[in-house]
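First the structure, in the form of structure tokens, and then the observations on it.
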Amino acid sequence: MKLANQVVVLDFETTGLSPDNGDRAIEIGAVKLVNGQIVDTFQELINPGQRVNSFIEQYTGISNDMLKHALVSKQVMGQFSKFIDGFNLVAHNASFDKKFLDAEFSHSKLHYNGQFACSLLLSRRISQEAPNHKLGTLVDHHQLPNDGVFHRALADATMTSHLWLHQIDVLQQQLPKQAITIELINKISSLPKAQIARYLRTMS
DNA sequence: TGCCAGGCCCTCTTTAGGGCCTT
């Protein structure tokens with residue numbers, strides 16, 4: 001059984017939106033949760049081997065100067081593969097972080113076994129009252145801890161971890177007899193919105 | 001020259017279009 005409160009929550013900052021267009025990771029941040037507690041963190045800038053455009057410099061606060069002396073992807077991903085070994089993975093809009101993790105691991109011929117879960121897909125189902133499902137909005141809406149830093153990898157991963165734990169709490173209250181597993185959350189995340197209320201009733 | 005991210009999700013849908021999310 002893979003409990004949802006035992007995961008690595010991760011976030012990439014990148015040169016753009018698509019590794020298929022040559023975009024690369026420039027920072028990775030991650031938080032390790034064990035029994036719902038943060039027990040470890042990972043944060044590293046990554047030299048992408050290309051200049052970062054001014055939009056990304058402004059958006060992330062990560063400058064070309066900061067990346068000049070950063071480790072290259074192979075070094076960082078080698079460390080990160082050890083960090084996530086044996087853990088499932090969570091991200092906000094996981095399809096984005098998964099495609100970059102897959103691409104960066106592929107460059108270094110690395111592999112991982114964990115399943116991904118997505119706090120964005122889950123939020124759309126269990127927080128339908130939220131004004132929208134951007135990470136920053138949800139942190140505000142649910143009054144989650146934050147230090148006011150956005151669009152840096154460890155800060156975003158940490159906020160996502162608080163969102164994730166909040167979401168597990170919400171589900172646990174509605175399903176008091178159920179173990180909240182990655183499989184259960186991915187099942188809920190795949191249901192049509194209109195079926196969520198009925199599904200939770202039948203499972204409770 | 002023409003391409004330019006892509007999966008999810010809703011709707012005035014399914015022979016489609018466009019907004020939401022991530023950088």
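Here is how names work: the chains are called A, B, and so on, in the same order as the sequence lines, proteins then strands, and each is numbered from 1.
- Atom CG in A:Leu191 sits roughly 10 Å away from atom P in B:dC9 (whole-Å rounding).
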Would you list the atom pairs, donor with acceptor, under 3.5 Å between side chains in residues 45-52 of chain A and any protein atom, with sequence neighbours excluded?
unit_1  : atom_1 : unit_2  : atom_2 : d
A:Asn47 : OD1    : A:Gly49 : N      : 2.9
A:Asn47 : ND2    : A:Leu67 : O      : 3.3
A:Asn47 : ND2    : A:Lys68 : O      : 3.3
A:Gln50 : NE2    : A:Gly22 : O      : 3.2

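- Rounded to a whole angstrom, the distance from the C1' atom of B:dG7 to that of B:dG2 is 24 Å.
- Separating the C1' atom of B:dT13 from that of B:dC9 is a span of 12 Å, rounded to the nearest Å.
- For A:Phe116, the ring-ring contact (aromatic ring centres under 6.0 Å, His included) test picks out no residue, with sequence neighbours left out.
- Residue pairs meeting the ring-ring contact (aromatic ring centres under 6.0 Å, His included) criterion with at least one partner in residues 149-169 of chain A, sequence neighbours excluded, are A:Tyr59-A:His151, A:His142-A:His166.
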Fill in the blank from the handout: Nucleotide by nucleotide, nucleotides 18-23 of chain B touches protein heavy atoms under 4.0 Å in the pattern (B base, S sugar-phosphate only, - none) --BBBB
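- Rounded to the nearest Å, the gap between the P atom of B:dC21 and that of B:dC4 is 23 Å.
- Sorted by first and then second residue, the side chain to side chain donor-acceptor pair (under 3.5 Å) pairs involving residues 187-204 of chain A (not counting sequence neighbours) form an empty list.
- Every residue meeting the side chain to side chain contact (heavy atoms under 4.5 Å, CB included) condition with A:Leu17, not counting sequence neighbours, appears here in chain and number order: A:Phe96.
- Rounded to a whole angstrom, the distance from the C1' atom of B:dG17 to that of B:dC12 is 11 Å.
- Under the rule for a side chain to side chain contact (heavy atoms under 4.5 Å, CB included), the partners of A:Asp102 that lie at least two apart in sequence or sit in another chain are A:Lys98, A:Tyr112.
- Spacing of P atoms, B:dG18 relative to B:dC3, comes out at 16 Å, to the nearest Å.
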Sub-3.5 Å pairs of nitrogen or oxygen atoms, protein against nucleotides 2-4 of chain B:
none

Give every donor-acceptor pair under 3.5 Å between a side-chain atom in residues 71-80 of chain A and any protein atom, sequence neighbours left out.
unit_1  : atom_1 : unit_2   : atom_2 : d
A:Ser73 : OG     : A:Glu104 : OE1    : 2.7
A:Gln75 : OE1    : A:Val72  : N      : 3.1

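- Within 4.0 Å (heavy atoms only), A:Arg24 reaches no atom of the nucleic acid at all.
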Exercise for the section: Using the side chain to side chain contact (heavy atoms under 4.5 Å, CB included) rule, take A:Gln167 and A:Ile126 through it: C-alpha gap first, then chi angles, then the decisive distance, then the call. Expected result: CA-CA 8 Å; A:Gln167 292 174 318; A:Ile126 68 171; 3.9 Å; yes
